Structures are given as structure tokens and as C-alpha cells.
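Below: one structure, written as C-alpha cells.
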Amino acid sequence: MLPVCGVQLAPQRGDATANTEMVETAILTATAEGARLVVFPEATLTGYVFHDRESALAGAIEASGPELESIGAACGSAAAWAVVGAIERDAARLHNSLFLVGPGGIVGRYRKIHTLCLGVDRFTTPGSEPPPVFDLTIGRIGLNICYDGSFPETARSLKLAGAQLIVLPTNWPNLTLKREQVQIRAYENHVNYLAVNRIGEEEGVTFHGGSVAADPDGTVLAELGDESRFMHVELDLPSADRNRVVR
């Protein structure tokens, strides 16, 4: 069983330093409580609701910057992995990105493909690479971001690439059918699925939490309300490989 922790929190828009410190503290706390993989919401390091490109550029971080280096050091201290989101600045472009960070630093990155007319997504360039699966010592982890999860094809592509667990860091401004979406994606692909949403208000947009985890049968294993909390759950990753289930 893999002990995983989804961290439901409220980032500070445009304050990457404070958000990085919050992430580091959460990694050390969650891993002290047993987690080997710690998952944070979409855009945790930067915030999400930017109303113009200039402010988004000012609030963005670079992959080679001190924020992810510090998070890598925290993962090294904890001998654990983390998935953390940020608005990434790459020359003149902005991307809504996820970073998988391990004890040795950045393991990989995914740039959101399915952007929409909300928050910073209006100013980002969609990713040009398919959602990735990373083969770690703890298991095979696939990455999606928020709106990606609304499309069956994204989860299916990760499953076909061997994912045992799909993580979906998100900034859902409403929870209509979101719990059911997680269950359906888990069930239809026979895969573990973890969605981690944020809380709090940012530039007039309220986020309601509702983080949820489901197993390959679509059974909800853990879920949160709208409070700041850790969601610890143990996931049987090899169960996702047993695709020919005889009852």
C-alpha cells in the first residue's frame, strides 16, 4: 500500500515565497505522519486568478528557480515525492504546470493541455506534450490538471501508458459532479485516482475544497469538505494492474 497525502490549502496569490514555505512545511508534516507522496492543488506556488497577462507574468516562477529547488530539498529530507502546481514562466510564455519533485529534485513536468476561460488559463499556452506517466520506486504516477479531468481521453491515455495512480491537482470553483467525475474516471479505467482541490477566495473567486480519492472499483476512499486539511489515504497501486477481474 502506498501512503499518499492530498494537501487542501489556500495559496497566497502572487507570493511564491510564502507559498513555497507552506509547501515545505506541509511536506515535512505529511511525511512525518507516514506519507510517501504528497499532492498539492493546481497553481499552489503562485495562485491562479490573474486578470491580466502582466500580473500573471509577475507572479509566475521558473522551473530552474529557488522555489522548486527548496521543495526538492524538503523531499530529500523526507525521502518522499511531491506533486506541486505553479504558473510557469518560460521566456515570454506562461504555462499552467505541474512538477513532480523527488529526493533528487525535479523528476518531471506536465503542462496543462485543456485550458479554459477562467483565471490565468486565459493567458497560458497549452502544453504540447501528452500527459506523462512516471515510473517511480513507489509506483507509476500519471499527471493531469483540473479541466483535463473532464475529458475521458486524458485518463485513458494515462492508463494505457501504465499509470497505477492518476493525480489531478485542481482549482475547482464549484463541485458540481466532481466527486462523481473522480469515481467514474477511476472506475472506467480501473485505476487509483486522487483529485486535490484548493480552498479560500482569490480575486472574487471562491474555491470549496472537496478533494477526493477513489480506488479502481470507483469506491471513494477519502474525501474532504471545505476546510484546510490533510487527506491521508493508503492506495493499493498494484491493484490497478489487475485488469481482468473475475467475480
Side-chain angles (χ1 to χ4, degrees), residues 1-12 15-47 61 63 65-86 97-109 134-143 163-171 182 192-200 207 209-215 220-240:
M1 302 292 282
L2 175 66
V4 179
C5 180
V7 181
Q8 190 166 275
L9 45 67
Q12 300 301 306
D15 194 342
T17 299
N19 293 332
T20 300
E21 292 174 357
M22 182 166 52
V23 165
E24 291 174 6
T25 299
I27 289 170
L28 296 176
T29 302
T31 53
E33 295 173 353
R36 306 261 342 262
L37 173 66
V38 187
V39 181
F40 294 89
E42 176 185 15
T44 290
L45 295 181
T46 55
I61 68 165
E67 298 85 5
L68 290 163
E69 183 178 353
S70 295
I71 291 168
C75 288
S77 297
W81 286 261
V83 175
V84 60
S97 299
L98 277 186
F99 295 92
L100 175 62
V101 185
I106 296 175
V107 176
R109 171 181 60 196
F134 297 96
D135 193 354
L136 308 177
T137 57
I138 57 174
R140 298 190 300 276
I141 314 299
L143 303 183
Q164 297 170 314
L165 166 62
I166 296 173
V167 296
L168 183 80
T170 184
N171 276 192
V182 169
N192 294 282
Y193 202 105
L194 171 68
V196 181
N197 195 25
R198 63 161 292 176
I199 58 167
F207 300 93
S211 300
V212 60
D215 70 10
V220 170
L221 301 177
E223 59 185 320
L224 297 179
D226 60 358
E227 66 279 6
S228 177
R229 280 191 60 191
F230 289 2
M231 183 175 72
H232 285 282
V233 60
E234 295 210 350
L235 300 175
D236 181 1
L237 266 59
S239 68

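Only heavy atoms go into these numbers, but all of them, side chains included; no hydrogens, no water, no symmetry mates. Just so it is clear, the model here is predicted, and its values are computed rather than measured.
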Taking the side chain as everything from C-beta on, heavy atoms only, tell me whether L165 gets closer than 4.5 Å to L37. yes
With D226 via side-chain hydrogen bond (donor to acceptor under 3.5 Å, both in side chains) - residues at least two apart: none
Closest approach of I27 to T31 (non-hydrogen atoms, all atoms of both residues): O-OG1, 2.7 Å
When every non-hydrogen atom of G6 is compared with those of V196, the smallest separation belongs to CA-CG2, 3.8 Å
Closest non-hydrogen atom pair between C5 and A35, with its separation: CB-CB, 3.8 Å
Does any non-hydrogen side-chain atom of I71 lie less than 4.5 Å from one of I106? no
Do any N or O atoms from the side chain of T170 and from the backbone of N197 form a donor-acceptor pair under 3.5 angstrom? no
For R140, what residues pass the salt bridge (Lys or Arg N to Asp or Glu O under 4.0 Å) criterion, not counting sequence neighbours? D241
To the nearest 0.5 Å, what is the distance between CZ (F207) and CG (L9)? 12.5 Å
When rounded to the nearest 0.5 angstrom, what is the spacing between OG in S97 and CD in E42? 10.5 Å
Please evaluate residues W81 and V83 with respect to the criterion side-chain contact (heavy atoms from CB on, under 4.5 Å), reporting the C-alpha separation (whole Å), side-chain torsions for both, the decisive distance (0.1 Å), and the verdict. CA-CA 7 Å; W81 286 261; V83 175; over 6 Å; no
Looking at Q12, I want to see if its CD is surrounded by more than 12 non-hydrogen atoms of other residues, nucleotides or ligands under 6.0 Å. no
For E24, the salt bridge (Lys or Arg N to Asp or Glu O under 4.0 Å) test, sequence neighbours excluded, returns none
With no hydrogens and no angle check, is any side-chain donor or acceptor of E67 less than 3.5 Å from a backbone partner on T20? no
Evaluate the side-chain proximity of D215 to S239: yes if any heavy-atom separation is below 4.5 Å, no if none is. no
Which pair of non-hydrogen atoms, one from A74 and one from L28, has the smallest distance, and what is that distance? O-CD2, 3.9 Å
Give, for atom CG of L143 and atom CG of L98, the distance between the pair rounded to the nearest 0.5 Å. 5.5 Å
Nearest atoms (heavy-atom pairs only) where R198 meets P11: CZ-CD, 3.5 Å
H232 side, atom NE2; L221 side, atom CG - distance, nearest 0.5 Å: 15.0 Å
So, do L194 and M231 sit near enough that their side-chain heavy atoms are less than 4.5 Å apart? yes
First locate atom CG of N192, then atom CD of E234, and finally report the distance between them rounded to the nearest 0.5 Å. 12.0 Å
With a 4.5 Å cut-off on side-chain heavy atoms, are P41 and N171 touching? yes
Between L68 and V84, is there a side-chain heavy-atom distance shorter than 4.5 Å? yes
Return the CG to OG1 distance between L45 and T17, rounded to the nearest 0.5 Å. 10.0 Å
Under 3.5 Å donor-acceptor, Q8 side chain and G225 backbone: yes
Which atom pair, heavy atoms only, marks the closest approach of V101 to G72? CG1-CA, 3.5 Å
